[in-house]
Amino acid sequence: MKAIVYTRYGSPDILQFKEVAKPTPTDDEVLIKVQAVSVNRSDWEGLRGKPLYARIGGLLKPRHHILGSDIAGRVEMAGRNIRQFQPGDEVFGDILGRNGGFAEYVCARERALALKPASMTFEEVAAIPQAAVIALQGIREKGQVQPGQQVLINGAGGGAGTFAVQLAKFYGAEVTGVDNTSKLDFLRSLGADHVIDYTQEDFTKNGNQYDLILDLVAHRSVFAYQRALRPNGRYFMVGGSVATIFQILLLGPWMRRTTGKNIRLLAVQPNPKDMVYITELYETGKVVPVIDRRYPLREVPEALRYLGEGHARGKLVITVDQNENT
Ligand SMILES: NC(=O)c1ccc[n+]([C@@H]2O[C@H](COP(=O)([O-])OP(=O)(O)OC[C@H]3O[C@@H](n4cnc5c(N)ncnc54)[C@H](OP(=O)(O)O)[C@@H]3O)[C@@H](O)[C@H]2O)c1
């Protein structure tokens with residue numbers, strides 16, 4: 001099969017579009033013929049090996065040689081212990097940690113997958129797994145957003161952010177989206193009530209305070225975040241710098257005790273139920289996967305470059321058409 005392969009950390013230039021062995025499913029896996037796979041910042045981080053947490057499992061060289069975790073496709077073969085799926089089923093899921101989605105075929109465990117609703121395309125469901133589940137767990141599970149609350153999404157114009165803005169609005173919050181100058185109108189079009197251009201203004205220094213801050217690109221000190229939270233407010237770091245992770249781990253519990261402000265890391269649990277819930281919201285018109293661009297498999301390097309350079313609005317999706325790969 002054709003795949004996008006890398007054997008060392010680096011820029012998109014080191015990615016190779018090449019022929020590799022088609023994977024064989026174990027008894028606990030299904031083999032999926034990939035139809036679409038979306039690009040996440042975690043792919044960019046896994047390619048670069050930065051921040052340091054992107055090297056978990058492969059300090060000097062990547063452990064897995066094919067990136068791509070948000071897959072959608074048809075089950076081609078099911079291992080003997082598979083109960084929920086059979087060949088021909090249309091599925092989608094998050095295989096972060098194993099990866100391998102930038103390819104014509106990939107193996108996945110049953111618990112990572114859900115059935116694709118007939119009302120959605122493979123591209124649309126491929127946009128959901130990681131980004132929408134981060135947003136749902138940040139806004140609903142951990143954030144427990146209530147109507148009328150002030151919610152700020154930092155990095156609102158990217159994959160997880162575009163879902164988070166829509167979900168926070170859906171749960172009745174007044175939403176502030178933070179991203180660069182070129183994405184502010186886009187954020188308003190998603191429903192953000194207020195926007196902040198991070199190149200012009202620091203949201204932790206303007207005197208405003210929020211009930212919930214969901215931070216997809218954290219790089220500030222915990223004291224800055226504490227300043228931007230209302231009493232009993234919650235802050236969740238999803239991605240960002242290792243220095244901020246350590247500060248939150250070391251100082252977060254103390255800050256909770258002394259100020260009542262809750263500053264934590266959000267450890268997202270991939271969860272098919274959450275993915276299905278997002279498809280239900282889609283079917284009732286409440287949430288839409290925002291797809292900025294589509295690329296063929298051989299152009300994964302261009303897609304990663306576009307994301308890494310900070311142009312992507314919402315999601316980028318790779319459409320895997322085997323006729324184009326010969
Ligand atoms: N915690 C967990 O369990 C978990 C699980 C999976 C993934 N993750 C992490 O979650 C993060 C998810 O990101 P994503 O996929 O939504 O990323 P994304 O699509 O790249 O979006 C990030 C957005 O943030 C913007 N941005 C960059 N620098 C900023 C700044 N200083 N202030 C405000 N906005 C800024 C980017 O815009 P520009 O660059 O264009 O300015 C972009 O629009 C990744 O870091 C990933 O590793 C965490």
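Note that ligands are numbered from 1 as they come in the structure, with each ligand's atoms numbered from 1 the same way. These numbers were taken from a predicted model, which means no experiment stands behind them.
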Closest to [atom] among [options] (heavy-atom distance):
atom                    : options                        : value
atom 36 (C) of ligand 1 : Thr199, Asp43, Asp179          : Asp179
atom 31 (N) of ligand 1 : Met237, His219, Gln137, Arg220 : His219
atom 1 (N) of ligand 1  : Ile153, Leu266, Asn40, Val268  : Leu266

Charged N-O contact under 4.0 Å between [X] and [Y]:
X      : Y      : value
Asp274 : Arg140 : yes
Glu19  : Lys2   : yes
Arg313 : Asp292 : no
Asp215 : Arg220 : no
Asp89  : Lys116 : no

Atoms of ligand 1, numbered as shown, that sit under 4.0 Å from any heavy atom of [X]:
X      : value
Gln130 : 6 (C), 7 (C)
Gly239 : 45 (O)
Gly310 : 38 (P), 39 (O), 40 (O)
Ala267 : 3 (O)
Val217 : 24 (O), 26 (N), 29 (C), 30 (C), 32 (N), 33 (C), 34 (N), 35 (C)
Gly155 : 23 (C), 24 (O), 25 (C), 33 (C), 34 (N)

Test of proximity, Arg41 against ligand 1: N or O pairs below 3.5 Å:
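For ligand 1, there is an N or O atom that lies under 3.5 Å from one belonging to Arg41.
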Please say whether the positively charged group of Lys22, taken as NZ for Lys or CZ for Arg, lies over the ring of Tyr105, i.e. under 6.0 angstrom from the six-membered ring centre and within 45 degrees of the axis.
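Relative to the ring axis of Tyr105, which defines the angle, Lys22 lies inside both limits.
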Quiz item: cation-pi between Lys61 and Tyr9, 6.0 Å / 45°
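Not satisfied by the 6.0 Å and 45° rule.
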Report the part of [X] in contact with ligand 1, treating N, CA, C, O as backbone and CB onward as side chain, heavy atoms under 4.0 Å; options are side chain, backbone, both, neither.
X      : value
Tyr53  : side chain
Lys183 : side chain
Val238 : both

Quick one: hydrophobic cluster around Ile291, which other residues, with the 4.5 Å side-chain cut-off, linked directly or via members?
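Members alongside Ile291: Val317.
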How are the rings of Tyr225 and Tyr235 set to each other: parallel, tilted or perpendicular (split at 30° and 60°)?
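Ring orientation, 0 to 90° scale: parallel.
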